[in-house]
Amino acid sequence: MYEYLIYSQLKKYAKADKSFHMPGHKARGDFKSRFGVAQLDVTELSYSDNLLCPTGVIAAAQKDIAEILGADKSYILTDGSSSGILSMLYAVRKMGAKIIVVRNSHQSVWNACKLFGLEPVIVQGEYKDGVMLPPDVSLIEKLVSNDKTILGMLITSPDYYGNIAPLGGYSEVLKKYSRLLLVDGAHGGHLAFEQLKRGYSGVYADIWVDGVHKTLPAMTQGAVLNVRGAKLVPLVEEAVKIFRTTSPSFPIMASVEYAVKYIKNNPKVLEEAKSAVETFKSKCPLGVYPSEDWTKLAVDFESIGVSSDDAANMLEKKGIYAELSDGKYILFYLSPMTNLSDMNGLLSALGTVMASKKLKKAFVSKPVLPVFDRTYSFQYALKQKHELVPLSQAVGRMCADNAGIVPPCTPVIITGEIITEAAVKVLQSAKNTYGITGGKVLVVKK
């Protein structure tokens, strides 16, 4: 059994600490009564260790995490997976001018390419049931075999809908050509605890990030960056010191260690949650996207001609808030902490919504984005003069800054692409977007 080292240390000293140090709330008064973690929210002290140069409980916790996840070194992050993405790409930025990036990559990947001058070689797979799949291994081999400037590949696995990329195939090809496999595993930390770590990015990747808070019992922003390979360790070590905050949250830090060790110590919790999800699927009156990851439950409303947005609004009135609705699916985001009662409640609520006379058959199919023609590169477009134009007038113009939908914070149009009518329609129909300012999008100036 693994001990919860950081949490135990914070609890041990919490009552004795007179708080003549940051933070300013001092774990007193109204703040303490409103924020239950106040006493654990400390700074770098003799007993609490220092995340930037750990020698005590944090160092021991990170060593345990690396052992559990199969890494040479693991680094706790309190700034979310985004800081891990920035760190991993900074670490490898000098190994090549280009990196293969999948079209539905998180915005932090594109931000990193922008910051470090990397040219993203954009790939995408086919669509299945309205969801983009990972690219074929053969495409990756074709690219790396013909271009020595490509340092490797960064892939998101699993994606928001639970598609797990063929990491074994990617790894084999990339090793063949002495390139790197980097994985944004922000949605897949729980896969480390599956039998034989099936689908887990850490089995194949050189560097990978686990968004622990997304699918494990950790506080929001808790993540882990992992690295394998003696040559890469010092590069990643330098990177995390740049991109991690100098004032990390100790409660988040403690929760990351707890999350990894709790599931390792209590494997039955995960199995019980998976069983509850399977029971739900066997009873669900609607179709479910064939996800390879049980924590991503996408219920399909197209089959009954209903917009999932309308159904999601009705569910919210019953206190059920899903991760997202894309018009076709409502995505329910689950974890090892999900139980049978949760799933039975969801099943009942879905039945009530489907029976409601207020639920109109108003499904409208959204356009599927084709593979874009990239007339110019990402880096080229960044360096040109820009201007904002109304989105409705942007068709045919070259995009100068990514614009997309959040969640999942992935782009609809990417810097350097020629904006299409289909892309404009997708952005106009989205509830929440980024890269759009007052209805305008940034384009390369004529």
Side-chain angles (χ1 to χ4, degrees), residues 80-81 106 129-131 156-165 184-195 197-201 209-224 255-256 258-260 262-301 308 311-312 314-316 318-326 328-354 407-410:
S81 298
H106 187 265
D129 298 328
V131 177
T156 301
S157 183
D159 63 20
Y160 236 89
Y161 292 87
N163 295 303
I164 296 176
D184 174 5
H187 304 278
H190 61 289
L191 295 175
F193 306 97
E194 295 287 347
Q195 189 174 14
K197 296 188 176 181
R198 189 190 68 81
Y200 181 54
S201 55
V209 63
D210 290 323
V212 178
H213 74 93
K214 285 181 167 66
T215 58
L216 293 175
M219 295 176 68
T220 297
Q221 288 186 248
V224 177
S255 76
V256 170
Y258 170 86
V260 174
Y262 178 78
I263 304 302
K264 182 66 176 179
N265 291 340
N266 301 276
K268 286 186 178 180
V269 171
L270 184 144
E271 293 305 320
E272 289 171 356
K274 289 175 66 175
S275 176
V277 175
E278 287 305 312
T279 298
F280 170 91
K281 288 181 178 179
S282 68
K283 297 178 180 179
C284 184
L286 291 168
V288 175
Y289 180 76
S291 171
E292 298 170 275
D293 175 5
W294 64 271
T295 67
K296 316 300 186 292
L297 180 66
V299 177
D300 188 355
F301 282 81
S308 66
M314 295 183 71
L315 286 171
E316 287 190 0
K318 298 179 178 298
I320 294 176
Y321 291 82
E323 177 70 19
L324 66 81
S325 167
D326 65 7
K328 175 179 172 65
Y329 296 106
I330 298 181
L331 176 61
F332 301 99
Y333 216 93
L334 313 175
S335 87
M337 309 313 290
T338 300
N339 58 40
L340 185 59
S341 177
D342 295 331
M343 301 312 296
N344 286 339
L346 176 58
L347 190 65
S348 176
L350 282 173
T352 302
V353 167
M354 288 177 64
C409 206
T410 56

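Below, all heavy atoms of this structure are taken into account, side chains as well, without hydrogens, waters or symmetry copies.
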Notebook entry, point to check: Does Ala165 have any side-chain contact (heavy atoms from CB on, under 4.5 Å) partners at least two apart in sequence or in another chain, and if so, which?
Noted result: Pro134, Ile155, Ser157, Leu167, Tyr170
Checklist line | Rounded distance (nearest 0.5 Å) linking atom CD of Glu323 with atom CG of Leu297 | finding: 12.5 Å
Next item on the list: Go through the structure and list residues passing side-chain hydrogen bond (donor to acceptor under 3.5 Å, both in side chains) with Thr410, not counting sequence neighbours.
Entry: none
Check: Taking the side chain as C-beta and beyond, is there a heavy-atom pair between Tyr258 and Asn265 under 4.5 Å?
Finding: no
Check: So, Ser255 side chain and Met219 main chain: donor-acceptor pair closer than 3.5 Å or not?
Finding: yes
Next item on the list: Could you tell me whether the side chains of Asp326 and Tyr161 share a donor-acceptor contact shorter than 3.5 Å?
Entry: yes
Margin query: Per the salt bridge (Lys or Arg N to Asp or Glu O under 4.0 Å) rule, what does the pair list look like for residues 284-300, sequence neighbours excluded?
Written below: Asp293-Lys296, Asp300-Lys328
Checklist line | Chi angles and distances behind the side chain to side chain contact (heavy atoms under 4.5 Å, CB included) call for His187, Asp159 | finding: CA-CA 7 Å; His187 304 278; Asp159 63 20; over 6 Å; no
Notebook entry, point to check: Do the side chains of Val260 and Phe193 get nearer than 4.5 Å, heavy atoms only?
Noted result: yes
Note to self: The criterion is side-chain hydrogen bond (donor to acceptor under 3.5 Å, both in side chains); which residues satisfy it with Asp342, sequence neighbours excluded?
What the structure shows: none
Notebook entry, point to check: Sequence neighbours excluded, which residues qualify as side-chain hydrogen bond (donor to acceptor under 3.5 Å, both in side chains) partners of Ser291?
Noted result: none
Note to self: Checking Pro285 now: which residues fulfil side-chain contact (heavy atoms from CB on, under 4.5 Å) with it, not counting sequence neighbours?
What the structure shows: Leu347, Met354
Check: If you take all heavy atoms of Ala223 and Gly80, which pair is closest and at what distance?
Finding: CB-C, 3.8 Å
Next item on the list: Identify, with sequence neighbours excluded, every residue that meets side-chain hydrogen bond (donor to acceptor under 3.5 Å, both in side chains) alongside Tyr262.
Entry: none
Next item on the list: Would you name the heavy atoms of Ala322 and Ile330 that are closest together and state the gap between them?
Entry: CB-CG2, 3.3 Å
Notebook entry, point to check: Do you know the tightest heavy-atom contact between Tyr333 and Lys214?
Noted result: CE2-O, 3.4 Å
Next item on the list: Could you note down all residue pairs passing ring-ring contact (aromatic ring centres under 6.0 Å, His included) where residues 268-287 supplies at least one of them, sequence neighbours left out?
Entry: none
Notebook entry, point to check: Between Tyr200 and Asp210, is any pair of side-chain heavy atoms under 4.5 Å apart?
Noted result: yes
Next item on the list: Sequence neighbours left out, what passes side-chain contact (heavy atoms from CB on, under 4.5 Å) with Ala273? Give chain and number order.
Entry: Trp294
Check: Heavy-atom distance under 4.5 Å between the side chains of Met343 and Leu334, does that happen here?
Finding: yes
Notebook entry, point to check: What pairs of residues pass the side-chain hydrogen bond (donor to acceptor under 3.5 Å, both in side chains) test when at least one of them lies in residues 268-290, not counting sequence neighbours?
Noted result: Asn163-Tyr289, Glu194-Lys274
Next item on the list: Can you see which heavy atom on Pro158 is nearest to which on Ile164, and at what distance?
Entry: CB-CG1, 4.0 Å
Notebook entry, point to check: If you look at every heavy atom in Phe301 and Ala311, which pair is closest and at what distance?
Noted result: CE2-CB, 3.5 Å
Note to self: Please find the pair of heavy atoms, one from Pro407 and one from Leu324, that lie closest to each other, and give the distance.
What the structure shows: CG-CB, 3.9 Å
Note to self: My understanding is that only residues two or more places apart in sequence, or in another chain, count here; which of them pass side-chain contact (heavy atoms from CB on, under 4.5 Å) with Ala259?
What the structure shows: Val212, Leu216, Pro217, Ala218
Notebook entry, point to check: From His190 NE2 over to Leu270 CG, what is the distance, rounded to the nearest 0.5 angstrom?
Noted result: 7.5 Å
Next item on the list: To the nearest 0.5 angstrom, please state how far the OH atom of Tyr160 sits from the CG atom of Leu331.
Entry: 7.5 Å
Note to self: Could you measure the distance from the OG1 atom of Thr352 to the NZ atom of Lys318? Nearest 0.5 Å is fine.
What the structure shows: 5.0 Å
